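Step one of this worksheet: look at the structure below.
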Number of protein chains: 2
Amino acid sequence: MLPSENKYLTNVSFDTVIFGFTGEELKILVLEYQNTGLFALPGGYIRRDENLLDAAKKGIMKRTGLKTIHLEQFHTFGKLNRSNPEPSKKIAKGLGYQMPDDHWVLDRFITVGYYSLIDYNQVRPTPNKFSDSINWYDINKLPPLMMDHGEIVQKALEAIRNDLGKKPIGTNLLPKKFTMKELRKVYETILDKKLRRTTFQRKILSMDVLIRHEKLYTGAANKAPYLYSFDKEKIENL
Amino acid sequence: MLPSENKYLTNVSFDTVIFGFTGEELKILVLEYQNTGLFALPGGYIRRDENLLDAAKKGIMKRTGLKTIHLEQFHTFGKLNRSNPEPSKKIAKGLGYQMPDDHWVLDRFITVGYYSLIDYNQVRPTPNKFSDSINWYDINKLPPLMMDHGEIVQKALEAIRNDLGKKPIGTNLLPKKFTMKELRKVYETILDKKLRRTTFQRKILSMDVLIRHEKLYTGAANKAPYLYSFDKEKIENL
DNA sequence: TCTTTATTGTATCAATTTGCTACAATAAGA
DNA sequence: TCTTATTGTAGCAAATTGATACAATAAAGA
């Protein structure tokens with residue numbers, strides 16, 4: 001079944017850039033449509049009876065299996081040439097649907113971009129009926145994305161780098177407990193540059209948003225690092 | 001004439017928060033619809049054959065008489081309850097039009113917010129056929145705005161405060177030549193807090209984006225301040 | 001058990017930036 | 001010439017950041 005017009009807003013959609021961190025690399029979720037070779041960001045339409053943000057959350061929760069999610073809106077894309085009916089036609093065809101030329105999903109769309117930083121290990125990527133795969137891709141090794149989705153990813157990255165200074169953003173990218181090195185790696189990967197180990201540690205600790213736990217014995221032949229977690233309460237009150 | 005559906009995108013609009021600086025106060029442009037007592041931000045719809053950004057620019061140029069304008073997108077508002085057909089009905093009624101209940105402008109809208117900082121003295125506020133006045137209002141003495149336009153203004157302010165640190169934002173709020181005190185006033189008014197005179201001066205000068213010109217003799221019984229202008233080239237290369 | 005090795009947590013001090021105070025240099029009026 | 005209100009900048013203290021050093025491990029190997 002194709003989505004029916006009276007249920008959804010026309011000419012508006014959302015797209016999401018979902019970031020995960022493997023410990024080494026920053027990845028995002030990209031889905032591939034069946035029998036088309038088309039890669040796209042997870043996105044969707046907005047039902048007439050739901051908030052824009054809720055629509056986006058619902059979409060992402062379905063694709064990730066997460067029960068809660070924090071989305072950050074970063075930009076809305078409305079260039080004339082960003083819409084292109086061909087991919088949608090191809091997708092419908094790949095699914096075996098006949099799509100009339102005047103179907104509303106073939107019309108021009110303005111799309112609202114959201115990003116989210118989530119714990120890579122908590123996610124179960126779940127394809128929907130339109131896509132036959134959804135997978136993590138290294139931010140530096142993305143497949144060619146359809147329409148302007150590549151540009152959307154770039155804007156999301158810019159936005160994150162901007163927001164990184166304000167609130168402790170690593171909150172959701174790492175498991176509950178993590179080492180200082182892992183946290184620094186997150187920052188280094190997002191900013192795409194090395195940070196001074198000692199200065200970073202001093203800075204983060206002085207922010208007073210971390211709780212120190214037991215040590216982590218990895219078996220490596222050196223001093224074991226402490227584990228930390230974020231102090232959600234103190235972060236709220238900032 | 002009411003706007004016709006086939007010319008515009010449905011369910012999407014834009015609204016703009018246009019800031020001007022009098023030398024003392026930060027003001028924004030607010031329009032009032034004829035015979036309704038409704039105050040609103042300048043906004044509009046997007047033609048099917050134009051970019052979102054161009055639509056917004058065109059709208060603002062009409063209302064301000066400016067020939068060039070820089071708009072900064074800051075947020076898109078898509079709450080379910082933000083749309084309300086009553087104001088539009090009232091506006092149409094005030095204009096003497098009969099608006100059918102299923103007219104597309106009465107439908108739910110998601111609106112993209114843009115802000116702009118412009119030279120107060122260059123502007124000729126120009127009402128359109130739907131509004132009988134468009135005027136500058138002190139940011140702290142706004143009339144009650146319709147729908148969620150008050151919230152939109154707040155978000156715009158937040159965005160500006162955020163952007164203030166990055167690029168020299170006063171560029172367009174002041175006339176070409178200005179004194180250091182005026183520039184500081186702009187920052188103080190936007191941030192809504194006093195800044196240290198000497199520290200501000202040192203900081204701005206060290207950024208190396210100002211050109212110093214002749215002195216300004218105001219007739220006041222004290223040392224005359226220098227006039228400055230922004231060095232657009234150096235700002236570009238930052 | 002004693003070395004060896006890699007890494008972690010801090011201390012320390014230099015370099016830079018910011019906060020604060022002081023003061024000389026005016027314009028114009030008295 | 002004296003007075004007054006600002007302006008521009010110097011100078012030093014306080015806070016932040018950069019860079020280096022070093023003690024304290026954890027585990028492997030001699």
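What you see is a predicted model; the values in this text were computed from it and never measured. Labels below follow one simple rule: chain letters A, B, ... track the order of the sequence lines, proteins then strands, and each chain is numbered from 1.
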Reckon [X] has a side-chain N or O less than 4.0 Å from the OP1 or OP2 of [N]?
X       : N       : value
K215(B) : dA27(C) : yes
K203(A) : dT16(D) : no
R196(B) : dC20(C) : yes

(message) Under a 4.0 Å threshold between the charged nitrogen and the carboxylate oxygen, would K58(B) count as salt-bridged to E50(B)?
(response)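 Yes, this pair counts.
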Rounded to the Å, how far apart are [X] [atom1] and [N] [atom2]?
X       : N       : atom1 : atom2 : result
I204(B) : dT17(C) : CD1   : C1'   : 15 Å
K194(A) : dG18(D) : NZ    : P     : 16 Å
L195(B) : dT7(D)  : CG    : C1'   : 17 Å
E214(A) : dA26(D) : CD    : P     : 13 Å
K185(A) : dT7(C)  : NZ    : P     : 12 Å
E182(A) : dT7(C)  : CD    : P     : 15 Å
F200(A) : dT10(C) : CZ    : P     : 15 Å
R184(B) : dG8(D)  : CZ    : C1'   : 12 Å

Measure from the side chain of [X], starting at C-beta and using heavy atoms only, and say which of [options] lies closest.
X       : options                   : value
T199(B) : dC20(C), dG8(D), dT7(C)   : dC20(C)
R197(B) : dT10(C), dA22(C), dG19(C) : dA22(C)
K181(B) : dT7(D), dT9(D), dT7(C)    : dT7(D)
K223(B) : dA28(C), dT8(C), dT7(D)   : dT7(D)

(message) Can a side-chain donor-acceptor contact be found between H213(A) and S229(A) if the only test is distance below 3.5 angstrom?
(response)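 Checked: S229(A)/H213(A) side chains pair up, N/O donor to acceptor below 3.5 Å.
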(request) Check whether the side chains of Y115(B) and D163(B) place a donor and an acceptor atom closer than 3.5 Å, and report yes or no. (result)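 Side chains of Y115(B) and D163(B): pair found under 3.5 Å.
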(request) Would you mind telling me which residue lines up with the more 5' stretch of DNA chain D, Y217(A) or P225(B), judged by nearest nucleotide? (result)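 This one resolves to P225(B).
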(message) Tell me if the side-chain of R202(B) makes a donor-acceptor pair with the base of dG19(C), cut-off 3.5 Å, by modelled atom types.
(response)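 Per atom types, the contact qualifies.
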(request) Please check if atom CD in E24(A) has more than 12 non-hydrogen atoms from other residues, nucleotides or ligands closer than 6.0 Å. (result)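 Not more than 12 within 6.0 Å, no.
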(request) Map A221(A) and T179(A) onto DNA chain C by nearest heavy atom, then report which one ends up closer to the 5' terminus. (result)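 Result: A221(A).
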(message) Using a 4.0 Å heavy-atom cut-off, does T198(A) contact any base of the nucleic acid, only the sugar-phosphate backbone, or nothing at all?
(response)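 Contact class for T198(A): base.
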(message) Test: side chain to side chain donor-acceptor pair (under 3.5 Å). Region: residues 194-206 of chain A. Which pairs qualify, not counting sequence neighbours?
(response)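 Those involving residues 194-206 of chain A do not exist here.
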